[in-house]
Amino acid sequence: MTYASISDVKWWLKHPQDDTSLDDEISSVLESVDAEINDLLSEYAETPVSDQSLVEILADIEAQWAAGLIRQRRSVDQHEEDIYVQVAKRRLEKLIERRFKFFDIA
């Protein structure tokens with residue numbers, strides 16, 4: 001199960017909550033992002049994370065990251081990383097630094 005919900009990603013995309021046209025794509029992207037986040041975190045903590053205070057933060061980071069990947073798919077320049085993805089990665093890096101000392105996401 002992912003930290004974020006489809007609804008969380010829709011919020012970042014400013015997509016109507018009652019429109020289900022993107023739900024399958026969002027779900028697929030969320031699974032990928034969740035796996036990547038858990039892979040990074042697995043060096044520092046047992047995953048999936050169960051600490052509720054961390055789960056809430058991770059849910060928002062994951063939703064932003066997933067929304068960024070979806071936006072990137074629709075971008076003219078799909079090779080440039082969406083700002084949402086960039087910011088989400090920095091947020092995760094900062095969280096890891098604060099909670100587990102230091103880590104650099106390439």
Side-chain angles (χ1 to χ4, degrees):
M1 186 161 152
T2 60
Y3 299 110
S5 68
I6 291 171
S7 176
D8 297 333
V9 177
K10 285 181 180 180
W11 183 88
W12 278 100
L13 293 171
K14 295 167 183 44
H15 188 79
Q17 293 292 331
D18 58 349
D19 180 350
T20 61
S21 63
L22 296 179
D23 285 10
D24 288 342
E25 180 180 11
I26 290 171
S27 181
S28 175
V29 171
L30 266 177
E31 291 290 335
S32 295
V33 172
D34 188 72
E36 191 163 351
I37 287 174
N38 280 329
D39 185 53
L40 293 167
L41 288 173
S42 69
E43 294 184 39
Y44 303 94
E46 189 172 323
T47 56
V49 173
S50 59
D51 177 334
Q52 199 53 39
S53 63
L54 273 179
V55 167
E56 290 176 20
I57 296 166
L58 289 170
D60 194 52
I61 291 170
E62 186 172 89
Q64 183 181 27
W65 191 333
L69 290 176
I70 290 168
R71 287 171 20 137
Q72 192 172 311
R73 287 178 176 181
R74 288 155 176 74
S75 171
V76 174
D77 186 5
Q78 293 183 3
H79 301 292
E80 187 172 321
E81 198 169 60
D82 185 86
I83 188 68
Y84 279 6
V85 175
Q86 294 173 31
V87 171
K89 286 180 177 180
R90 282 196 304 265
R91 290 175 65 199
L92 181 60
E93 184 176 304
K94 293 290 184 194
L95 176 66
I96 292 171
E97 285 176 9
R98 282 193 315 269
R99 287 289 185 127
F100 310 106
K101 299 302 177 213
F102 182 76
F103 180 68
D104 186 26
I105 299 175

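Every heavy atom of this structure was used, including side-chain atoms; hydrogens, water molecules and symmetry mates were not. Start at 1 with the first residue, then count along the sequence.
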Which value, rounded to the nearest 0.5 Å, describes the distance between Glu97 atom CD and Leu92 atom CG? 10.0 Å

Would you say the side chain of Leu22 lies within less than 4.5 Å of the side chain of Ile26, judging by non-hydrogen atoms? yes

Out of curiosity, does Ile70 fall in the hydrophobic cluster containing Trp11 (side-chain heavy atoms, cut-off under 4.5 Å, transitive links)? no

Search all heavy atoms of Val55 against all heavy atoms of Ser50 and return the closest pair with its distance. CG2-C, 4.1 Å

Taking CD in Gln17 as the centre, count heavy atoms belonging to other residues, nucleotides or ligands within less than 6.0 Å. Is the count above 12? yes

With a 4.5 Å limit on heavy-atom distance, are the side chains of Glu93 and Lys89 in contact? no

Is there side-chain contact between Arg71 and Tyr84, with heavy atoms separated by less than 4.5 Å? yes

Rounded at 0.5 Å granularity, tell me how far OG1 in Thr2 sits from CG in Leu30. 5.0 Å

With a 3.5 Å cut-off and no angle check, do the side chains of Ser53 and Asp51 form a donor-acceptor pair? yes

With Glu56 via salt bridge (charged side-chain N to carboxylate O under 4.0 Å, His left out) - residues at least two apart: none

Indicate yes or no for a side-chain donor-acceptor contact from Ser27 to the backbone of Asp24 under 3.5 Å, with no hydrogens or angles considered. no

Transitively linked via ILVMFWY side-chain contacts under 4.5 Å: Ile83 with Val29? no

Would you check if Leu95 and Leu54 make a side-chain contact, meaning some heavy-atom pair closer than 4.5 Å? yes

Set of salt bridge (charged side-chain N to carboxylate O under 4.0 Å, His left out) partners for Arg74, sequence neighbours left out: Glu25

Find out if a path of hydrophobic residues (ILVMFWY) with successive side-chain heavy-atom gaps under 4.5 Å connects Val49 to Leu40. yes

Counting N and O atoms only, with roles assigned by atom type, does the side chain of Asp8 sit under 3.5 Å from a partner on the main chain of Ser5, one being a donor and the other an acceptor? yes

Check whether Ile96 and Val87 end up in the same hydrophobic cluster, where Ile, Leu, Val, Met, Phe, Trp and Tyr are linked by side-chain heavy atoms less than 4.5 Å apart. no

Would you confirm whether Lys10, through its side chain, and His15, through its main-chain N or O, come within 3.5 Å as a donor-acceptor pair? no

Sequence neighbours left out, cut at 3.5 Å: what donor-acceptor pairs do the side chains of residues 57-64 make with other protein atoms?
residue: Asp60; atom: OD1; partner: Trp12; partner atom: NE1; Å: 3.2
residue: Asp60; atom: OD2; partner: Arg91; partner atom: NH1; Å: 3.1
residue: Asp60; atom: OD2; partner: Arg91; partner atom: NH2; Å: 2.8
residue: Glu62; atom: OE1; partner: Tyr3; partner atom: N; Å: 2.9
residue: Glu62; atom: OE1; partner: Ala4; partner atom: N; Å: 2.8
residue: Gln64; atom: OE1; partner: Arg91; partner atom: NH1; Å: 2.9

